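Scroll down for the structure; my scribbles are underneath it.
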Amino acid sequence: MSQKQEEENPAEETGEEKQDTQEKEGILPERAEEAKLKAKYPSLGQKPGGSDFLMKRLQKGNYKSLHWSVLLCVDEMQKYFDSGDYNMAKAKMKNKQLPSAGPDKNLVTGDHIPTPQDLPQRKSSLVTSKLAGGQVE
Amino acid sequence: WVCPGHCEPLSWCPAGRRACTDIISTVEFNYSGDLLATGDKGGRVVIFQREQENKSRPHSRGEYNVYSTFQSHEPEFDYLKSLEIEEKINKIRWLPQQNAAHFLLSTNDKTIKLWKISERDKRAEGYNLKDEDGRLRDPFRITALRVPILKPMDLMVEASPRRIFANAHTYHINSISVNSDHETYLSADDLRINLWHLEITDRSFNIVDIKPANMEELTEVITAAEFHPHQCNVFVYSSSKGTIRLCDMRSSALCDRHSKFFEEPEDPSSRSFFSEIISSISDVKFSHSGRYMMTRDYLSVKVWDLNMESRPVETHQVHEYLRSKLCSLYENDCIFDKFECCWNGSDSAIMTGSYNNFFRMFDRDTRRDVTLEASRESSKPRASLKPRKVCTGGKRRKDEISVDSLDFNKKILHTAWHPVDNVIAVAATNNLYIFQDKIN
């Protein structure tokens, strides 16, 4: 990676050296920033690729993109599992102070947020043919 | 970068600033570069047209003036899911021109629309069955027939929606791309990519679906997608994990399995909490030649050779100084900003935006780069833009600006480069800046 950067700036001698040291120090600023963040929000998850990060991503403009509602039919009664609310509630329980993301759009509806464990098993739906969905042959 | 026949690098001068009522959310030149379309947060599309060479106003050449304005999308409400659907225009893509009218696709989060923009400069007069003001004439009073004649009128530009492609996306549409076959186009949301025919609105084919059976297993989302400029069977899509997949529609109907997989190997020892977030690709663009593609992640722009999947051939740092600010950028959500990038007509230069109304240009041939600012102060006509510099160390020189003084609310997410000439359009929040090179 540093070699590529050297090729890109052949004319600037000091630039080259600067970039080399920055390369080595480049790892440190990021780690220092991570430490800062962890100090502020100790319960922030280790792996940002999981639901915490994606929920954070969802909050930024597209916050509702992955907000899905699973409609379950159990005899006469219908229970709704809203994963967005569930994840927000989960995050709130783990961590009192969430990084602010502007006006709070994810208001909890109702007093009780159903968890996946609360809901009865879902009946398997009929497997729909991909042809029905309009798949090209 | 050097213009052939000249030794000095190009200097950019302001060629106009257009204030828009709302935040600009997309900018796109058409194939000839004569038209420039902008979409905004309020669902409006404004099209600018380049002024022709005019002897009486020699400096007006290259100016872009408003050609047409129309409301493309309105806010909607999804009653089933209790969700608001924003009217913000996410992307505009022009169709190649085939007749006197111009066509473009505009999309918000859920619905894509095909708009026809046509000119009317003649009006028919002398109808038999109706008066000049449109009232029907009494048929018994008509004693003679006349042939209506066409009379010139003030130019009127009309925009009409010709097709509405709706209800095909569960998640938010982030990209649309017109195919080189000029008959089909793709639309991509966070988890799926659909293929449409421009004539058919009630059906679309799903060509990529990365939604896992169990949503708890979701680890990445689609961030951008584009068709190859010449090969109508090839398209690419980028992900939030910094990878790009190239797919060939000839291999199978559902392109869940890629033909090529582009990913830069990461040094595991340098991994941090932010690594994945900043590696998320916010934009992917093929070069005009079709040989390369460019990706934009949070801190850099990378050029990839389609023949080499293992790593990019070029990496250009946009604002590396932000690496030591990632904590606060995460807190204020700026780390999730989606910057776009673009090529110039000859693929010799690339451009992308940054903060503080700065934008960066990289010349691939001379390896030079420059930081410029889109602001009213630097917009004196015919005066070249002065390169800007961000100071990272302790000692700040007179014209430098320190990292801590950068205004992170002034972000340039959308830029566009004229397909042929050295004319660029830069969207800075509510303002559209147009710059052109002095030699032009």
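All chains are named by letter (A, B, ...) in the order of the sequence lines, taking the proteins before the strands, and each is independently numbered beginning at 1. Predicted model, so just to flag it, every value in this text is computed and none were measured.
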Set of residues satisfying ring-ring contact (aromatic ring centres under 6.0 Å, His included) with respect to Tyr298(B), sequence neighbours excluded: His319(B)
field: Neighbour count >12 (heavy atoms, 6.0 Å) for atom CG, Asp78(B)
entry: yes
- request: Answer yes or no: does atom CZ of Phe77(B) have more than 12 heavy-atom neighbours from other residues, nucleotides or ligands under 6.0 Å?
  value: yes
Tell me the closest heavy-atom pair linking [X] and [Y], and the distance in Å.
X	Y	result
Ser269(B)	Arg31(A)	O-NH2, 2.7 Å
Glu33(A)	Leu326(B)	OE1-N, 3.2 Å
Ser324(B)	Lys36(A)	O-NZ, 4.5 Å

Any donor-acceptor N or O pair under 3.5 Å, side chains Tyr330(B), Glu34(A): no
- request: Taking only Lys NZ, Arg NE, NH1 and NH2, and the carboxylate oxygens of Asp or Glu, determine whether Arg271(B) and Glu30(A) approach each other closer than 4.0 Å.
  value: no
field: Ile278(B), part contacting chain A, at a heavy-atom distance under 4.5 Å
entry: side chain
